[in-house]
Amino acid sequence: LCHTRLQTLGPRGRHFETLSLRAADGAECEYVVLAAGAQSARSTALLELAGRDASLRWNAVSLGDRAQVSDAFVRVDHAGRGARTQQSFR
């Protein structure tokens with residue numbers, strides 16, 4: 001599964017989102033996001049790597065100026081044996 005999100009909003013825009021994911025045995029998940037603009041942006045991700053050897057690659061970039069706020073809360077539950085995560089936030 002590859003999920004890509006390009007978020008572009010005006011300087012007065014507001015963005016709130018929630019992502020929920022449960023990965024089974026051997027699942028390979030990748031999330032790529034580029035967030036630009038918005039006065040305020042908030043992302044919440046609740047992820048469960050439930051299956052054996054499930055993996056997640058999470059890459060996020062946020063671009064904004066001094067008056068913009070971008071926030072992310074990511075919770076990953078490594079419930080399955082051998083579950084692994086690689087995360088990069090910029």
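What you see is a predicted model; the values in this text were computed from it and never measured.
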Distance-only donor-acceptor pairs under 3.5 Å for side chains of residues 79-90, two or more places apart:
from	atom 1	to	atom 2	distance (Å)
Arg84	NH1	Asp53	O	3.4
Thr85	OG1	His78	NE2	2.6

Restricting to ring pair (Phe, Tyr, Trp, His ring centres under 6.0 Å), what partner residues turn up for His3, sequence neighbours left out? Tyr31
If Ile, Leu, Val, Met, Phe, Trp and Tyr residues are connected whenever their side-chain heavy atoms lie under 4.5 Å apart, and connections chain through other members, are Leu1 and Leu56 in the same group? yes
Shared hydrophobic cluster for Val74 and Val32 (ILVMFWY, side-chain gaps under 4.5 Å): no
Name the residue from Leu47, Thr44, Val33 that meets the side-chain contact (heavy atoms from CB on, under 4.5 Å) definition with Leu19. Leu47
For Ala41, what residues pass the side chain to side chain contact (heavy atoms under 4.5 Å, CB included) criterion, not counting sequence neighbours? Gln7, His15, Ala38, Ser70
Results of side-chain hydrogen bond (donor to acceptor under 3.5 Å, both in side chains) for Arg57 - residues two or more places apart only: Glu30
Straight-line distance of Leu63 CG to Thr8 OG1, nearest 0.5 Å: 11.0 Å
Set of residues satisfying salt bridge (charged side-chain N to carboxylate O under 4.0 Å, His left out) with respect to Arg5, sequence neighbours excluded: Glu17
With sequence neighbours excluded, tell me which residues meet side chain to side chain contact (heavy atoms under 4.5 Å, CB included) with Ala24. none
What pair of heavy atoms forms the shortest contact from Gly51 to Asp25, and how long is it? CA-OD1, 3.1 Å
How long is the straight-line distance from OG of Ser20 back to CD of Glu48, given to the nearest 0.5 Å? 9.0 Å
Can you name the residues that form a side chain to side chain contact (heavy atoms under 4.5 Å, CB included) with Arg75, not counting sequence neighbours? Leu46, Phe73
Using the test side chain to side chain contact (heavy atoms under 4.5 Å, CB included), find all partners of Val69 that sit at least two apart in sequence or belong to another chain. none
